[in-house]
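Just so it is clear, the values below take in all heavy atoms, side chains as well, and ignore hydrogens, waters and symmetry mates. Below, chain A is the first sequence line, B the second, and so on; all start at residue 1.
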Number of protein chains: 2
Amino acid sequence: MQLKNQVEWALHCCAILAGLGPDRHLPTKDLAELHGVPKEYLSKALQALSQAGIVEGTLGPSGGYRLARPAGAITFLNIVEAVEGKGSSFACTEIRKNNPCRGSMSGAAAGDSRPCAIARVMWEADRAWRESLNGVSLADLAKTLEKTVPAPLLKKTAAWVEART
Amino acid sequence: MQLKNQVEWALHCCAILAGLGPDRHLPTKDLAELHGVPKEYLSKALQALSQAGIVEGTLGPSGGYRLARPAGAITFLNIVEAVEGKGSSFACTEIRKNNPCRGSMSGAAAGDSRPCAIARVMWEADRAWRESLNGVSLADLAKTLEKTVPAPLLKKTAAWVEART
DNA sequence: TAATTACGGATAATGGATATCCGTAATAAA
DNA sequence: TTTATTACGGATATCCATTATCCGTAATTA
């Protein structure tokens, strides 16, 4: 079970966009170069973010992407779900219904009024995962980066980005 | 991102094995028939459980599988990790190192002494997921099943299984 | 001796993830 | 007005993990 690499790309791109000045846009080409990933494919991830209302795309020269909401109002979960989808990681295929002993039983005796107990445990873990991701916003991430990334690199990167907006 | 269907199968098989009498074995063939899944492929999942020390296989006629530990000492996490692996769902490929601004920097200024901040958030969510799964044992599951599955079906299935051990 | 079983290796078949290419419309700069 | 730049979406190809099947071997029981 592995998240798509686009999830990683989308998160890093959002981290960059969170550092942008107001009404500045950064195009796909530069986001791709900054992260060393294929531009055309990264574009798909950014389009997913756009459709989810997390970023806004602007056409034309001096166009590009910016966040559609304040960084404090965008969580990791928002980004992950935009790219990866909102479906649970556990798909219950109801194999309990294949139990041959159920053949003769009907209605309540078949006992599938409640969801499968195993699925419920798996879904609860999924919920815990999402809750954890929803507890961290892009603003939180920015704060952490300022503390852990050396100031020179932080500054140089900001300048690199700024020059392309 | 989707867990393998073998995870679902393994969990249901373990639930059945947890209901077995002491020193009884249930072969792959019957576990496959009970759940309506291909026997040869289910066998792979059971082998993974066996390698992880969760179940024990016994050869020969009247052979088959049984739990290797008490049901209270086997958690959902144990089973999921046995089939799915222990790796994180988020793979950090360190794309931050592709930042062209790092080119001129060395050592501490490059700033990768600490793991990537984004990866840390993702891994923390992964930890929460595993913690949730580790909080539920097969004994817990058995208790839930006794409460939620209709007694007739529960009894009939137990008899069906018993007859094949 | 014969039947049954776990186990592991080898080998397809399938489908989603990954990646590329191109056309269209919008927009800004020249 | 013209040209260049950009997001966006459709179409297509490639790759690889998952899914699935088959078979040989060794152990064990009847």
Side-chain angles (χ1 to χ4, degrees), chain A residues 1-10 13 17 23-33 35-68 80 82-85 87 89-91 93 95 164-165, chain B residues 1-10 13 17 23-33 35-68 80 82-85 87 89-91 93 95 164-165:
Chain A
M1 185 197 40
Q2 199 82 8
L3 291 165
K4 317 190 207 186
N5 56 6
Q6 294 210 355
V7 170
E8 183 185 19
W9 302 356
C13 286
L17 294 182
D23 288 324
R24 313 300 292 258
H25 300 266
L26 192 62
T28 306
K29 180 182 51 150
D30 299 310
L31 283 167
E33 185 184 346
H35 296 116
V37 300
K39 172 193 130 181
E40 310 274 7
Y41 191 34
L42 173 63
S43 172
K44 300 297 183 185
L46 294 170
Q47 284 174 41
L49 292 174
S50 176
Q51 274 204 315
I54 293 170
V55 303
E56 275 179 355
T58 306
L59 293 178
S62 86
Y65 286 102
R66 66 169 178 184
L67 295 186
V80 169
V83 174
E84 189 67 39
S89 63
F90 180 79
T93 61
I95 59 176
R164 283 161 177 80
T165 55
Chain B
M1 183 196 43
Q2 201 81 10
L3 291 165
K4 319 188 203 185
N5 57 5
Q6 293 208 355
V7 170
E8 182 185 19
W9 302 356
C13 286
L17 295 180
D23 288 326
R24 313 300 292 259
H25 300 264
L26 192 61
T28 306
K29 178 181 52 147
D30 299 310
L31 283 167
E33 185 184 346
H35 295 117
V37 300
K39 174 193 127 179
E40 310 274 7
Y41 191 35
L42 174 63
S43 172
K44 301 297 183 185
L46 294 169
Q47 285 173 41
L49 292 174
S50 176
Q51 275 204 314
I54 293 170
V55 303
E56 275 178 357
T58 306
L59 293 177
S62 86
Y65 287 102
R66 67 169 178 183
L67 294 185
V80 168
V83 174
E84 190 67 38
S89 63
F90 181 79
T93 62
I95 59 176
R164 283 160 177 82
T165 55

- Task: Specify the separation, in whole Å, of atom NE2 of H25(A) and atom P of dT27(C).
- Result: 12 Å
- Message: Quick check on DNA chain C: between L42(A) and E40(B), whose nearest nucleotide comes earlier from the 5' end?
- Response: E40(B)
- Please determine if a side-chain N or O atom of T28(A) lies less than 4.0 Å away from the OP1 or OP2 oxygen of dA7(D). yes
- Residue S62(B), side-chain atoms from C-beta onward, closest of dA30(D), dC22(D), dC21(C): dA30(D)
- Of the listed dA17(C), dT6(D), dT28(D), the closest approach to the L59(B) side chain comes from dT28(D)
- Message: Heavy-atom nearest nucleotide on DNA chain D for M1(A) versus E56(A): which residue maps closer to 5'?
- Response: E56(A)
- Task: Can you tell me the distance, in whole Å, between the NZ atom of K44(A) and the P atom of dA7(D)?
- Result: 13 Å
- Can you tell me which residue pairs pass the salt bridge (charged side-chain N to carboxylate O under 4.0 Å, His left out) test with a partner in residues 57-66 of chain B, sequence neighbours excluded? D23(B)-R66(B), E56(B)-R66(B)
- Message: For a quick test of reading the model, state the closest non-hydrogen atom pair linking M1(A) to S89(A) and the distance between them.
- Response: SD-CB, 4.0 Å
- From the candidates dT27(C), dT18(D), dT28(D), the one with an atom nearest any side-chain atom of Y41(B) is dT18(D)
- Whole-Å distance, Q2(B) CD to dC16(D) P, equals 22 Å
- Message: Can you tell me which nucleotide in dT29(D), dC21(C), dT5(D) comes closest to the side chain of P61(A)?
- Response: dT5(D)
- Sub-4.5 Å side-chain heavy-atom contact between L17(B) and V55(B): yes
- Hey, does G57(A) reach any base, or is it just sugar-phosphate, or nothing, if we go heavy atoms under 4.0 Å? sugar-phosphate
- Message: Is any side-chain heavy atom of Q6(A) closer than 4.5 Å to one of Y41(A)?
- Response: yes
- Item | Nearest heavy atoms of A52(B) and A82(B), plus distance in Å | CB-CB, 3.6 Å
- Item | Any N5(B) side-chain nitrogen or oxygen under 4.0 Å from OP1 or OP2 of dT18(D) | no
- Rounded off to whole Å, could you give me the CG-to-P distance for the D30(B) and dT5(C) pair? 7 Å
- Message: Can you measure L46(A) atom CG to dA19(C) atom P for me and round it to whole angstrom units?
- Response: 14 Å
- Most 5' of G63(A) and P38(A) on DNA chain C, judged by nearest nucleotide: P38(A)
- Rounded to the nearest Å, what distance is computed from the CZ atom of residue R24(B) to the C1' atom of nucleotide dT29(D)? 15 Å
- Task: Let me know the distance between CG of L3(B) and P of dT18(D), rounded to the nearest Å.
- Result: 10 Å
- Item | Per Y65(A) side chain, nearest of listed nucleotides dA7(D), dT18(D), dT5(D) | dA7(D)
- Message: Taking only side-chain N and O atoms of S50(B), does any of them lie within less than 4.0 angstrom of OP1 or OP2 on dC7(C)?
- Response: yes
- Message: Testing the basics here: between A10(A) and L49(A), what is the closest heavy-atom pair and its distance to 0.1 Å?
- Response: CB-CD1, 3.9 Å
- Take atom NZ of K39(A) and atom P of dC8(D), then tell me their distance rounded to the nearest Å. 13 Å
- Kindly point out which of dT18(C), dA7(D), dC7(C) is positioned nearest to the side chain of P27(A)? dA7(D)
- At under 4.0 Å, does any side-chain N or O of Q47(B) touch on OP1 or OP2 of dG8(C)? yes
